[in-house]
Amino acid sequence: MTLASRVIPCLDIRDGRVVKGVRFQSLRDAGDPVECAALYQDQGADEIVLLDVSATPEGRGNALETVRRVRATLSIPLTVGGGVRSADDAASLLGAGADKIGVNTAAVRRPALIEEIAERFGSQCAVLAVDAAATGSGGWEVVVESGHTRTGIDVGQWCRKATARGAGEILLTSWDRDGTRDGYDLDLVAAVSGAVTVPVIASGGANNAGHLLEALRAGASAVLVASILHDGDTTVGHLKKALTQGGVVVRP
Amino acid sequence: MSDIVIVPTGTANIASVAAAFRRLGVEPTESTRSDEIERAAGVVVPGVGAFAAAMDRVDSTRLRVALTERINEGRATLVVCVGMQLLCAASEESPGIAGLGVIDDRVERFDSEERVPQLGWNRVEPPRNSRFLEPGWAYFANSYRLRQAPDGWAAATTGYGGEFVSALERDDVLACQFHPELSGAWGARVLGRWMATTKETA
């Protein structure tokens with residue numbers, strides 16, 4: 001037997017509500033996080049990712065409460081990211097019921113953050129979230145601050161460096177494809193999956209089960225989906241059924 | 001009454017474990033006091049993080065003897081993930097650190113052809129006549145594992161770069177390399193069956 005490929009719904013949270021945008025902008029309301037998480041769990045989701053996209057300290061306080069409420073109903077793993085700057089931030093989220101912690105901008109600014117979280121809570125808890133934008137010369141650079149800032153850092157190199165520091169999983173989002181429904185950036189997925197030995201979660205651009213299948217074949221261990229679920233175009237169950245028909249092992 | 005005591009191993013995701021028991025209608029408490037560990041109807045040792053850190057926590061709270069006795073007496077005890085590894089004598093992860101040694105073996109890192117850590121859902125094949133497990137999918141998050149079933153324990157197995165021991169049962173002791181608290185309805189049934197044994201011994 002083998003490890004099942006995972007289908008992971010992602011909830012972007014702002015001020016206690018699920019929101020969804022295109023390329024991290026023009027956010028619109030997509031429901032209550034507890035209801036969404038419970039619905040996707042019932043549909044067969046393998047994990048849930050919550051990304052706090054709140055812009056304010058008050059919003060962040062709400063995020064802890066959201067994690068608590070989601071945890072109460074959720075019996076599958078919960079990854080929480082967004083604005084994590086220290087191991088103490090991670091501890092607060094774990095205390096509220098997160099199982100894994102995603103770090104992004106703060107880890108780019110201060111890579112030791114990855115080690116601090118991995119040493120205190122284990123590598124399996126430290127998820128490196130990377131937002132990758134195509135450079136136009138065939139590569140990808142890391143973008144931070146919700147896509148506002150391009151860093152010039154090569155995505156593959158950053159992922160290798162982060163796993164050496166203890167990141168146990170890569171949540172790889174194509175900034176160019178996020179919310180566009182044009183399909184995952186398969187070259188990006190293949191490049192990063194080949195560059196690291198930890199699992200890679202492909203994110204950004206899914207419109208149908210065919211896109212999921214392509215990303216898993218390109219080397220991803222899991223696929224993140226958001227818009228197509230929030231809009232009710234499909235369900236996790238339908239996606240997993242199609243993956244099974246495509247020869248992928250999923251948890252039934 | 002089945003009072004469930006969770007031993008905070010310092011780094012574990014206690015919140016997820018506690019939430020899983022609450023969904024089963026039980027409010028667990030936390031304690032590192034050996035008299036409470038001795039007395040409790042059921043004791044849970046969750047675990048994430050490193051072997052050395054978790055073992056250090058067990059020793060600094062002087063729980064080595066209380067936990068070892070409970071397990072050797074076969075009293076209702078649930079150990080999860082690194083918690084299961086602590087039963088062994090040692091781990092490749094933390095050379096020179098002594099585990100509880102209830103199992104005379106050493107946990108080793110997964111073979112490198114697989115992605116490590118193992119993160120995700122994998123099949124569990126229970127031992128014959130298992131009291132706690134049914135065949136199904138469980139959520140794993142580990143880089144190290146026990147390869148061989150120890151004598152005197154009934155072992156569940158899972159494949160990842162070869163077969164490894166995904167759970168062990170002996171009397172009312174259940175050791176899970178997977179996370180039952182994160183394994184959906186299947187995991188909730190595992191916890192429920194284990195909880196039923198805590199009532200018998202209370």
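Counting heavy-atom pairs closer than 4.5 Å to chain A, the top residue among B:G184, B:A19, B:A141 is B:G184. With chain A as partner, the option from B:A18, B:P180, B:G136, B:P117 having the largest number of non-hydrogen pairs under 4.5 angstrom is B:P117.
The backbone N or O of A:E169 sits nowhere less than 3.5 Å from a side-chain atom of B:R115 that would complete a donor-acceptor pair.
For the salt bridge (charged side-chain N to carboxylate O under 4.0 Å, His left out) test, residues two or more places apart in sequence or in another chain that qualify with A:R71 are A:D99. Every residue two or more places apart in sequence or in another chain was checked for a ring-ring contact (aromatic ring centres under 6.0 Å, His included) with A:H211, and none qualifies.
In this structure, the side chains of B:L119 and A:Q124 come closer than 4.5 Å at one or more pairs of heavy atoms. At least one side-chain heavy atom of A:L3 sits less than 4.5 Å from a side-chain heavy atom of B:Y160.
Residues of residues 88-106 of chain B having a heavy atom under 4.5 Å from any heavy atom of chain A: none. Of residues 77-89 of chain A, those residues lying under 4.5 Å from chain B by any heavy-atom pair are A:P77.
Residue A:T163 does not touch chain B at all, counting heavy-atom pairs closer than 4.5 Å. The contact between B:S183 and chain A is made entirely by backbone atoms, counting heavy-atom distances below 4.5 Å. Only the backbone of A:A98 comes within contact range of chain B, judged by heavy atoms closer than 4.5 Å. Contact of A:V196 with chain B is made through backbone and side chain together, with heavy-atom distances under 4.5 Å. At a 4.5 Å heavy-atom cutoff, the contact between B:R23 and chain A is made by side-chain atoms alone. Within the 4.5 angstrom heavy-atom criterion, only backbone atoms of A:A96 (N, CA, C, O) approach chain B.
Under the 6.0 Å distance and 45° angle rule, A:R251 does not count as a cation-pi partner of B:W137.
A pairwise comparison of heavy atoms in A:S75 and B:A185 identifies OG-N, 4.3 Å as the closest pair. Pairing each heavy atom of B:S16 with each of A:G97, the nearest pair is OG-O, 3.5 Å.
For CD of A:E65, the number of neighbouring non-hydrogen atoms (other residues, nucleotides, ligands) closer than 6.0 Å is greater than 12. No more than 12 heavy-atom neighbours from other residues, nucleotides or ligands sit within 6.0 angstrom of CG on B:D151. For A:R110, the CZ atom sits in a packed shell: over 12 heavy atoms of surrounding residues, nucleotides or ligands are nearer than 6.0 Å.
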